[in-house]
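Accompanying notes for the structure given below.
All heavy atoms count here, side chains included; hydrogens, waters and symmetry mates do not.
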There are 2 protein chains.
Amino acid sequence: MNVQLEDISGKRETVLNSTLALIKEHGFHGTPMSMIAKHAGVAAGTIYHYFDSKETLILELYIYVKDRLAMAILANDDAAMPYKDRFFNLMINQFNFYIGNPDALLFLEQYVNSPYAKNYPLNDSQIFIDKVHTFFNYGIENAYFRNIDPRLLAPTVKGTLVAAANIQLSQHTAFSDEDVIEIINIVWDGIKRQ
Amino acid sequence: MNVQLEDISGKRETVLNSTLALIKEHGFHGTPMSMIAKHAGVAAGTIYHYFDSKETLILELYIYVKDRLAMAILANDDAAMPYKDRFFNLMINQFNFYIGNPDALLFLEQYVNSPYAKNYPLNDSQIFIDKVHTFFNYGIENAYFRNIDPRLLAPTVKGTLVAAANIQLSQHTAFSDEDVIEIINIVWDGIKRQ
DNA sequence: TGTTACCGAATGAACGTTCAATTAGAAGAT
DNA sequence: ATCTTCTAATTGAACGTTCATTCGGTAACA
């Protein structure tokens with residue numbers, strides 16, 4: 001398929017990207033290994049050189065996507081800036097990542113609600129845990145946020161951003177920068193210390 | 001299986017309830033028709049007397065569950081009460097429905113992110129649309145809520161409640177009534193007209 | 001010459017669906 | 001009440017397909 005991509009990233013990443021693209025269209029179980037092989041331009045057997053099974057392929061794809069999400073979220077983060085400004089920057093980055101990678105958005109949403117996530121709860125991106133979780137924990141410890149169960153924060157934030165991204169993607173009209181700020185204000189006004 | 005339930009509700013509902021219970025454990029794909037048949041105490045062929053295919057079984061199960069969710073949410077709603085009080089009542093009802101029906105919660109979350117929802121976007125509960133959507137539209141028109149895209153409201157609300165319900169279910173310690181109110185306050189503070 | 005990467009046809013298990021046969025139940029006739 | 005007839009409900013073995021995975025072999029490369 002995409003020879004350039006294949007050349008620079010190797011067949012392993014080519015397979016991961018093909019799987020991501022196909023799952024967007026057909027879902028986990030509408031995507032047979034033969035289809036992935038064809039789309040990636042490799043033989044079916046080759047996939048098993050890099051992944052033990054379809055199941056581990058999905059598990060590793062999740063880490064791969066989540067790593068990329070974590071790095072996108074953290075772009076231009078500056079610990080010297082006010083916490084609220086950093087929060088808004090991270091949220092904007094997250095929104096833009098979803099808009100720029102709709103297949104990743106769809107995959108992540110499917111994954112977290114699938115038996116994979118339930119059966120392998122420890123399978124997650126180390127980068128995401130180290131960096132993004134740390135950022136939120138800092139906000140909790142320093143009382144920028146309401147005094148609530150910290151595990152409520154992330155889903156509250158994510159739910160709104162994902163909803164907004166899905167709306168923009170399903171229509172073909174984009175939210176303005178001001179709209180995005182307003183959306184993040186919904187989140188911030190909900191979770192900030194009142 | 002459950003003879004009492006079967007007797008009063010008929011085999012169609014028995015099959016629906018078995019499917020719901022099994023999907024919670026094994027997911028869409030991991031739940032073959034033969035397993036549903038066994039769990040429901042009917043022959044495989046009998047399922048096809050009530051449903052055209054596995055696909056339509058899932059589609060009808062979604063309507064069935066969403067109808068029950070809608071009715072649970074609307075319990076004790078009183079149009080004479082202040083809008084904010086009605087809102088809190090509906091949210092508490094929704095949270096309690098998730099807690100009391102974890103299999104429904106898991107199914108709904110899986111469904112909305114599956115190819116079913118993408119391929120059949122018009123397949124939804126009429127009760128839910130008539131009653132719950134109407135309630136939110138009223139809040140938008142009468143300026144109880146921020147002036148934002150109305151489709152952002154529902155996912156924002158749902159995301160937080162679902163997150164809270166999942167936390168309570170995954171641990172085995174319950175949120176207190178005050179905790180639940182606090183959670184709903186997060187939602188309300190985010191979306192209310194400031 | 002040994003090792004790694006890659007191929008793709010073959011395999012075998014799993015699964016959704018069908019269907020010919022059986023039973024249950026309702027309606028009607030006597 | 002009893003028998004007859006017709007339809008709907010139910011069964012589960014069998015079918016055909018799909019799909020993940022295997023494996024014997026070939027090429028690349030060190």
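The distance between atom CE of A:M35 and atom C1' of D:dA20, rounded to the nearest whole Å, is 14 Å. Look at NE2 on B:H49: it is 3 Å from P on D:dA9, rounded to the nearest Å. Distance CD1 (A:I36) to P (D:dT21): 10 Å, rounded to an integer number of Å. Going from atom CD1 of A:I47 over to atom P of D:dC19 covers 14 Å, rounded to whole Å. Between the P atom of D:dA20 and the CD atom of A:E55 lies a distance of 12 Å, rounded to the nearest Å.
At the phosphate of D:dT11, neither OP1 nor OP2 sits under 4.0 Å from any side-chain N or O atom of B:Y48. Taking only side-chain nitrogens and oxygens, B:K11 comes nearer than 4.0 Å to OP1 or OP2 of D:dT10. Between B:T46 and D:dT11 there is a side-chain polar atom (N or O) within less than 4.0 angstrom of OP1 or OP2.
Between B:R146 and A:D189 a salt bridge is recorded (basic side-chain N to carboxylate O distance below 4.0 Å). Residues B:K66 and B:D124 are paired through a salt bridge, judged by an N-O separation under 4.0 Å between the basic side chain and the carboxylate.
Between B:K54 and B:I47 the shortest side-chain heavy-atom distance does not fall below 4.5 Å. Proximity of B:L106 to B:I23: side-chain heavy atoms (C-beta onward) are nowhere separated by under 4.5 Å.
Within the 4.0 angstrom heavy-atom criterion, no nucleotide atom of any strand lies near A:F51.
Note that the first and last nucleotides of DNA chain C, 5' to 3', having any atom under 4.0 angstrom from a heavy atom of chain B are C:dC15 to C:dT18.
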Run the numbers on A:H29 and B:F28 for ring pair (Phe, Tyr, Trp, His ring centres under 6.0 Å), then give the verdict. CA-CA 9 Å; A:H29 302 95; B:F28 287 136; 9.0 Å; no

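With B:Y64 as the aromatic partner, B:R68 meets the cation-pi criteria of under 6.0 angstrom to the ring centre and within 45 degrees of the ring axis.
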